[in-house]
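Heavy atoms only: backbone and side chains are in, while hydrogens, waters and symmetry mates are out.
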Amino acid sequence: MTKYVVNNSSIDSILGWIKAGEIAIPEMQRPFVWDSAKVRDLMDSLYKGYPIGYIITWKNPDTKLKDGTISLGKKIIIDGQQRITAMTAALLGEEVVDSDYKKKRIKIAFNPKQERFEVLNPAIEKDTEWIDDISLLFKQGFNMFGFVNEYCVRNGIEDTNSIGTIINQVMAIRYCNIGMIELSHELDIETVTEIFIRINSQGVVLSQADFAMSKISVNEENNGSLIRKTIDYFCHLAKNPVDFETIKQNDQEFSQTEYFRKIQWIKDHRENLYIPDYTDLIRVAFTSKFYRGRISNLVSLLSGRDFETREYKQEIVDDSFRMLEDGVLDFVNETNFKRYLMIVKSAGIIDKKLIRSQNALNFGYILYLTLRNRKIDSAIINKVVRRWLVLSILTGRYSGSPESMFEYDIHRFASADDVEAYVKNVEEGELSDAFWNNILLTRLDTSVASSPYFHLFLMAQIKMNDKGFLSKEIEVKYLLEERGDIHHIFPKKYLQKNGYKNRGMYNQIANYVYTPQEINIAIKDQSPKQYFQAILKQCKEKTNKYGEIQDIELLEENLKQNCIPLEVFEMEADQYEEFLELRRKLMAQKIKEYYFSL
C-alpha cells in the first residue's frame, strides 16, 4: 500500500488552503530563520521557472469521536515551512518574526529593466527604476495597466509592452507549481524522518521533538497553541531574557494569558546551570507524566492512537493533551525549577561546565517531578535525586540515546514502594568494589580536561569545601567560578624538557589541580621536588612565595584535600607515571567518599 501521494499545486492554491485551515503550518509565530537574501533568491528562482523543491505534509489521522462520527485530520507541513513563510512575506507583504522575536517586513524589490530582484535598501528606494516592494503587484485590485504606464513615464521608457510583459511574468509567480508530497498518518516517525532526509538536499534531521511540537501547535481544541508557546517562550527566555518585552509586545494576546504569567519569572532568572531547549522540556514533561521514554509515542498519543486496538480515538487525544499540559506547567513552575536546581547545586554541581550530560540533568528533573507528584517526603526526594544524578554521571547511564533507559528507570521509580531501597539496589549492582577500585581508575586515565570523571573530582572538592592547591583560604568552588588556573602538578614545560612530548601524557587529568594564578606563576617549570622543598622551607621560615601556607600540618591537609600523595616531596620526572597511579587511587577514593556522603 502506498504511504504517500505526490501532486503539483500552485503557490496561489497552497496559500489559499493555508488561509482556509486545510493545511496547518505548525508554530507560525516561531522565528523565521532565513535571511532576506535567501528570500530574494527564492523569488528569482520562481521568476525564472527553476524548481524550488517539494513541500512535505504529514496527515493527522482521522479520529473516532464518542458519538461514532469521524473527525478529519488536517495536513501538517513538516518541510517547506520556511519557503512558504518566505513567499507570504515577499508576495503578500506579511510580517515575519526574527530570531529576536521582533516582527519585521522583508521587502523584495524588482528592477524590470534588468529583470533583477534585490532586498530593498536605501539606495534602491531612491532609484526610480526599482519597484520597492513586489507585494504591491499581488494586492487585490492591482491595476497593472496603470502601474506600467506610470513606471514607463517615470523612467522615460517608450516600450510599455515589454515592461508590461515582464511585470506580468512577476505576477505569474503565484501560478508556479510546487511538488507536494502528502505522507500517510500510518507512517512512523523513523520512516518520515528517512523520507525527509532523502528528499531534503541539505539532509537536515528532524527530531522527534519537532514532530511533537507540530502535533501540539496545530491542535486548536486542546490549547495546543498555548502549550506550544509556553514551551517555546520559556526556553527562549531562559537563554535570552532580554527578549521578554519584545515577546510581550509581539504576542499581546498570549501575554494576557495565565500561561504567560506562569513563565515570566524566568526573565529574572540568571542561573545558567540548566538551560533547557524545547526538546528537553518536552522530554521531561512527557516522561514525568506518561512514564514513557520514546517521544515518538507522545506523537502517537497526541494523534489519539490506542496502542492495543490501533484505532485513533478523540478521547485519547484529549487525555494526552491534558497530561502533557500538566507536565509542561510542572516543568515551568518557578518553585519546582528552583528547588531542583538547589538539589543539583547541593551535589557540588555549581557550574554548567561541570556536567556535560544534559540527559542526566533532564532525568534528574523527571525524577524530582515524579517523586514530588507521588507526595514523597522532601528530604527523601532531595537525597534520592542528588545521588541518582551523580550515579548517572559516574556510570554514563544516559549517554547516547537515553529513551529506553529513561523509560526503564521511571517505571521503577514510579512503582517502587521504597525509592531509597531501589537506589541502593542499583548501587550494589553498578557501583561494586570492582567499579571503585578498577573501572574508575581506568576512566581517570585520560588527558581530556572535560572528562566527567575530572568534573566528578571537582564536584567532590566543591561539596567538601576543599581549598585550592597550596591555597590557605580560597576554595576550589571560588576558583572555578572566577576562572582560577588549572595547574600541572608536574609542570608541563618541565615534563616536555624531560622527554614527555606527547600531549596525552603531560596533560593527564591526574596531573591537574585548581590553584590561584599567582601560585601557578610562581611554580613555573620547576620539578615537584624542587618547588615542594621550597614550600617546606617556606613553612620553616614563615615566608610567602608559594601561597600563604606556613604550617606543615596545613600543607599536608591541603595535599590531602587535593589528593596529592606525600611522595611528591621527593619526586622528579622519572617518577611521573608512578605519581599518576598514586593520585588516581586517591582521586577515586575521594569520589567514592563524596558519592556516599550525598
Side-chain angles (χ1 to χ4, degrees), residues 1-4 24 26 57-76 78 182-196 206-224 227-228 231 279 281-328 330-331 362-363 366-367 369-370 373-374 398 401-416:
M1 179 180 176
T2 302
K3 301 297 184 181
Y4 65 92
T57 65
W58 189 21
K59 190 176 182 296
N60 260 333
D62 302 337
T63 54
K64 182 185 292 185
L65 303 177
K66 289 183 179 179
D67 62 5
T69 60
I70 298 296
S71 174
L72 299 178
K74 292 181 179 180
K75 297 171 186 156
I76 301 172
I78 63 167
E182 182 183 324
L183 306 178
S184 167
H185 75 269
E186 295 179 4
L187 293 175
D188 57 32
I189 286 179
E190 288 74 17
T191 304
V192 173
T193 303
E194 178 67 18
I195 292 170
F196 176 88
L206 288 177
S207 72
Q208 294 181 356
D210 291 323
F211 291 107
M213 286 289 269
S214 296
K215 292 287 187 182
I216 294 166
S217 59
V218 301
N219 187 292
E220 299 171 358
E221 296 79 21
N222 292 283
N223 298 328
I227 296 170
R228 193 276 299 164
I231 296 170
T279 300
L281 201 161
I282 289 174
R283 189 179 297 284
V284 172
F286 172 56
T287 303
S288 65
K289 287 296 180 183
F290 293 78
Y291 301 156
R292 291 175 179 266
R294 291 174 59 84
I295 294 181
S296 58
N297 286 340
L298 173 61
V299 175
S300 296
L301 289 164
L302 295 177
S303 300
R305 182 173 183 178
D306 184 322
F307 287 99
E308 293 183 3
T309 66
R310 297 187 179 182
E311 292 183 299
Y312 290 87
K313 301 175 181 177
Q314 186 61 40
E315 57 262 37
I316 295 177
V317 174
D318 297 338
D319 289 344
S320 298
F321 268 91
R322 176 184 52 78
M323 291 172 66
L324 178 64
E325 181 175 348
D326 287 346
V328 169
D330 278 353
F331 185 109
N362 286 338
F363 191 83
I366 290 168
L367 183 55
L369 294 173
T370 301
N373 288 332
R374 288 190 59 192
Y398 304 120
S401 179
E403 292 185 334
S404 59
M405 189 58 72
F406 271 29
E407 188 163 322
Y408 178 88
D409 286 338
I410 201 59
H411 270 294
R412 280 147 187 80
F413 275 113
S415 59

Measure the spacing between CE of Met213 and OG1 of Thr279 and express it to the nearest 0.5 Å.
8.5 Å
Euclidean distance, Phe406 CZ relative to Ser288 OG, rounded to 0.5 Å:
11.0 Å
Scanning both residues in full, the closest heavy-atom pair of Arg310 with Arg305 reads CG-NH2, 3.9 Å
Restricting to side chain to side chain donor-acceptor pair (under 3.5 Å), what partner residues turn up for Tyr291, sequence neighbours left out?
none
For the residue pair Tyr398 and Asn362, confirm or rule out a side-chain donor-acceptor distance under 3.5 Å.
no
Determine whether a donor-acceptor pair (N or O, by modelled atom type, separation under 3.5 Å) exists between the side chain of Asp306 and the backbone of Glu308.
yes
What's the spacing between Lys289 NZ and Ile366 CD1 if we round to 0.5 Å?
12.5 Å
State, to 0.1 Å, how close Ile227 and Val328 come at their nearest heavy-atom pair, and which atoms those are.
CG2-CG2, 4.2 Å
Has Trp58 got a side-chain atom pairing as donor or acceptor with Ser184's backbone, closer than 3.5 angstrom?
yes
Quick check: do Arg292 and Leu301 have side-chain heavy atoms less than 4.5 Å from each other?
yes
So, the side chain of Ser320 versus the backbone of Val317: is there a donor-acceptor pair under 3.5 Å, distance only?
no
Smallest separation among heavy atoms of Glu407 and Arg294, with atom names
OE1-N, 3.9 Å
If the test is side-chain contact (heavy atoms from CB on, under 4.5 Å), which one of Asn223, Leu302, Val299, Asn222 qualifies with Ile216?
Leu302
Nearest 0.5 Å, what's the CD1-CZ distance between Ile231 and Phe331?
9.5 Å
Looking at CD1 of Ile316 and CZ of Phe307, how far apart are the two atoms once the value is rounded to the nearest 0.5 Å?
8.5 Å
On a heavy-atom basis, which atom in Ile282 and which in Ala209 lie closest, and how many Å separate them?
CD1-O, 4.0 Å
For Tyr408, is the OH atom crowded, meaning more than 12 foreign heavy atoms sit under 6.0 Å from it?
no
Least distance between heavy atoms, Ile295 atom then Glu403 atom:
N-OE2, 3.3 Å
Compare every heavy atom of Phe413 with every heavy atom of Arg374, then report the nearest pair and how far apart it is.
NH1-O, 2.6 Å
Would you say the side chain of Phe363 lies within less than 4.5 Å of the side chain of Met405, judging by non-hydrogen atoms?
no
For the atom pair NE2 (His411) and CG (Asp409), what is the distance rounded to the nearest 0.5 Å?
10.5 Å
